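See structure below.
Proteins come first, then strands; the chains are lettered A, B, ... in the order of their sequence lines, and each starts at number 1. In this text the structure is predicted, and so the values were computed from the model without any measurement.
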Amino acid sequence: MKLWRKPLDADTVKVPRGRIYIIKDQCKGCGFCVQYCPRNVLELSQEFNKKGYHPPVAAREEDCVSCGLCELICPEFAIYAELVEEEKQKDSQETQKAEV
Amino acid sequence: MNRSASSTTDVVDKQSHPMSDLLRMDRMPHIWCSGCGLGTTLTCFIMAVRESGIDEKKIAVVSGIGCSGRVAGYINLDSFHTTHGRAIPFATGLALANPELRVVVYSGDGDLVAIGGNHFIHAARRNMDILVICVNNFNYGMTGGQAGPTTPVSARATTAPYGNYEYPFNIPYLSIASGATYVARWTALHMRRLKNSIAEALPKKGFRVIEIICPCPTAFARRNRLGTGLDLMKYYHDNSIIKHGADPREADIGMTGKIIVGKFLDIERPTFRDFLVENVWPKIGRK
Amino acid sequence: MAEDRRVLTGEHFMSGDHACAEGGLAAGCSFFAGYPITPSTEIAERMSERLPEVGGMFIQMEDELGSMNAILGAAWGGWKSMTCTSGPGFSLMMENLGLGIVLETPTVLVNIQRGGPSTGLPTLPGQADMMQARWGSHGDYEIIALAPNSPQEIFDLTVRAFNLAEEFRTPVLVMSDECVGHMTEKVVIPPKDELEITPRRYTKKKPGEYLPFDFGEDEIPEMVTAGDGYRIHITGLTHDRRGYPVINAEAQDWMVRHLINKILKNKHRIIQLEEINLSDAEVVLVSYGISSRVAHRAMDLAREDGIKAGMLRLITVWPFCDEKIRELAERVKAFVTVEMNMGQVALEVERCACGKAGTYLVPHAGGEVHNPDDIYQVIKEAAK
Ligand code: SF4
Ligand code: SF4
Ligand code: SF4
């Protein structure tokens, strides 16, 4: 099958990048975000928060595509991602949807 | 706002969370246990409210009593935390008095189909304009894990120490048999589908029921050695079958076996208000 | 056409139950939720016919638990609302009468009392729910309860019940009985502009400034309606001024004292009494509702025999008129309480008389009104 339009910037397209924010003291260390991040960005840290839980850390933040799944699954409203606009990027990219 | 902070080392202000405008952040962190899925159902609800485009001022949430009943206290909408089992009749009065409101009842299985069971079936029969979000965790979590109307046969609970010997309600089947017009079931792990389902049901009329199967690690899972909230999420991942339009009679949930999820029903039939407005009011010359 | 059918101005020959429904409509009631139960059913029937005519809504609920909740919901939806019940239905409403009190919700509950306990005497009168009216829902609170003794008065007091509900942001009880409910008498409904109607006390504060349980000197918080953008949270849990749950003794103390003070501080605006022949009375009959009409006859018999009998008729039963009884106890010989029960309000009379005057009761288990002669015998005894 033929592509109806060849992307002009096919070579320079980058996946969208996300930046992760963790409200550490609100986390209860359930591990949902770590388990279900489609890009395996997160790990539970060794550090303790105020309540004695291990909040996650964005160990591989550069792999984050800002899909928003961690924000949606987190029962504590303790994590969210923000799309980072990279200057090199020509167009903002459609957020890639991860699905369980 | 503290969005510029480097995430892994600095303290991030809770107010910066993108859902904070629809949450009463002064009440966070909430009371739910680590690994409880209730918070996840609430993120999905909030995202659905946003996506539906409905004026937030015109959405009211009514809850009963129990862990799920606490939703009313956390959502930053007009919200009413009523008595045990009575969210639906309270919502009935609210919806009839103020037809501009989209009224959502957000509560648990014990609250809605045990102590509130009679209200549930009658509101369905009347096709009252209420969206019911029924979080089903198979037991009474808040009071320590007693058996309830949805506890699977043989499951252990503090009031079923030898295993539950009652047959549970199948909520989609009960809802459809009683007259609901939109019926879906998801687990807390089906976040996007759940969110889409809520966003789809929210603007509709009539009695709509969305059941959410939800981990209760503290009470139900512990007593039944089912592991953590995460283990339950994994169980849902492995055992859920998405089957839209499934026969609700096949949707029983046991201690083992598959969980059928999806949209069971989406039909239209005159609501309580429609019937009044179309058939009764003209008789007395009222418009 | 809708609004001019609200107040049926004119002279009617009407049953107490129907007059009660008309009182509700005249007061601005737009929502009725109820469950049929003798002898209050005629109120629901009348409402089912009349409410659709005036732009309101009637719903027959699955039970009295649902009815009580639906009227609370309707009140927060912006409507004046009411329900009615009798006997076991009143017991079922107690749970959410408590919710109404704690949520400080204006609404009206009418009890056309019949004989109890349990199913008791469905078609015959009683006045044995008076203490249940006072204490029936669990926990500490104060309640407002009015007791009409005629179809005319049930009309008037239902209007007043709505006014008090709005004035004090609380559920108000109309404690009538089967006799008044089923009795047919002349009822005069005044022209609309002669009726005093208390509107809902809506806040003028903006969202963000308004707190659902904040109040000033008079202890009465202002109201809003769901959908107006205030994003209120209200809960049956013990709460603070914001409506947020606070589970400790301090918050409990604040909230319970407030619920009680709201009524007690404003007693003078709530209590309504009728004093008959009290200026020279030595024996004071204390009565209310249908019993007061029989007691009146007994008082006349006593007067004919030269006994200085008078009567204090409680139009407002709760909050109780402590001060009035105390004041009378200083100068009268005895009180004779006449009520269709085995001694309920009589206990209050005894408490307030505090041994300074004799206290007598004419016990009656219900099913029919007292025989005036039985009351007269007790008056004679009390006058000795
Ligand atoms: S936004 Fe998506 S990719 Fe990024 S951390 Fe969250 S779940 Fe992973
Ligand atoms: S999902 Fe939320 S609460 Fe659970 S570990 Fe991740 S950040 Fe913490
Ligand atoms: S007891 Fe169960 S349902 Fe309740 S908060 Fe804890 S995990 Fe959730």
Trace of the side chain to side chain contact (heavy atoms under 4.5 Å, CB included) decision for C:E45 with C:E42: CA-CA 5 Å; C:E45 289 171 344; C:E42 292 87 342; 3.9 Å; yes
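- Contact of B:D26 with chain C is made through the side chain alone, with heavy-atom distances under 4.5 Å.
- Of the listed residues B:L96, B:V103, B:I121, B:L101, the one with more heavy-atom pairs under 4.5 angstrom with chain C than any other is B:L96.
- With a 6.0 Å radius and a threshold of 12 heavy atoms from other residues, nucleotides or ligands, B:F169 has its CZ atom at or below the threshold.
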CA sep, side-chain torsions, deciding dist, call: B:C67, B:M142, side chain to side chain contact (heavy atoms under 4.5 Å, CB included): CA-CA 5 Å; B:C67 296; B:M142 181 163 274; 3.6 Å; yes
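- Nearest approach of C:G77 to B:L94, heavy atoms of both residues: N-CD1, 3.5 Å.
- In terms of heavy-atom pairs under 4.5 angstrom with chain C, the leader among B:V280, B:N118, B:I59 is B:N118.
- C:F213 carries C:R169 over the face of its six-membered ring, with the cationic atom under 6.0 Å from the centre and within 45° of the normal.
- B:R273 touches chain C through its side chain: at least one heavy atom from C-beta onward sits under 4.5 Å away, while N, CA, C and O do not.
- Considering all non-hydrogen atoms of both residues, C:E53 and C:E49 come closest at CG-O, 3.7 Å.
- When heavy atoms are compared at a cutoff of 4.5 Å, C:F32 does not approach chain B at all.
- Interatomic distance, OH of B:Y74 versus NE2 of B:H81, reported as 9.5 Å (0.5 Å rounding).
- For the atom pair SG of B:C134 and CD of B:E211, the computed distance is 6.0 Å after rounding to the nearest 0.5 Å.
- Of the possible donor and acceptor atoms, none in the side chain of B:R208 sits under 3.5 Å from a partner among the backbone N and O of B:P203.
- For B:R27, the part lying under 4.5 angstrom from a heavy atom of chain C is the side chain only.
- A salt bridge is defined here as a Lys NZ or Arg NE, NH1 or NH2 lying under 4.0 Å from an Asp or Glu carboxylate O, and C:E166 with C:R200 meets this definition.
- Using a 4.5 Å cut-off between heavy atoms, C:Q60 touches chain B through its backbone atoms (N, CA, C, O) alone.
- Checked options B:E56, B:M25, B:R24, B:M19; the residue passing with B:N76 is B:R24 (criterion: side-chain contact (heavy atoms from CB on, under 4.5 Å)).
- Of the possible polar contacts, one joining the B:R286 side chain to the C:P52 backbone as a donor-acceptor pair under 3.5 Å is found.
- In this structure, the portion of C:M57 lying under 4.5 Å from any heavy atom of chain B is its side chain and not its backbone.
- Of all the listed residues (C:A33, C:S67, C:G56, C:G98), the one sharing the greatest number of non-hydrogen pairs under 4.5 Å with chain B is C:G56.
- One N or O on the side chain of B:R102 and one on the backbone of B:L202 form a donor-acceptor pair closer than 3.5 Å.
- Between C:T107 atom OG1 and C:F162 atom CZ the span is 6.5 Å, to the nearest 0.5 Å.
- Contacts between B:A72 and chain C at a heavy-atom distance below 4.5 Å involve backbone atoms as well as side-chain atoms.
- Scanning residues 83-97 of chain C against chain B with a 4.5 Å non-hydrogen threshold yields C:E95, C:N96, sorted by number.
- Without hydrogens or angle criteria, B:N137 side chain to B:C214 main chain gives no donor-acceptor distance under 3.5 Å.
- Taking B:R126, B:K57, B:H122 one by one and counting their heavy-atom pairs under 4.5 Å with chain C, the maximum is reached by B:R126.
- If you measure heavy-atom distances from C:I234 to chain B, the contacts under 4.5 Å come from both the backbone and the side chain.
- C:A226 touches chain B through backbone and side chain together, each having a heavy atom under 4.5 Å away.
- Contact annotation for B:L77: both backbone and side-chain heavy atoms come within less than 4.5 Å of a heavy atom of chain C.
- Taking non-hydrogen atoms and a 4.5 Å limit, the residue list of residues 242-252 of chain C in contact with chain B, ordered by number, reads C:R242, C:Y244, C:P245.
- Both the sub-6.0 Å distance and the 45° axial angle are satisfied by C:R241 relative to the ring of C:F215.
- For B:L276, the part lying near chain C is the side chain, with the backbone staying farther off; criterion is any non-hydrogen pair under 4.5 Å.
- Looking only at distances, a side-chain donor or acceptor of B:T92 sits under 3.5 Å from a matching main-chain atom of B:I88.
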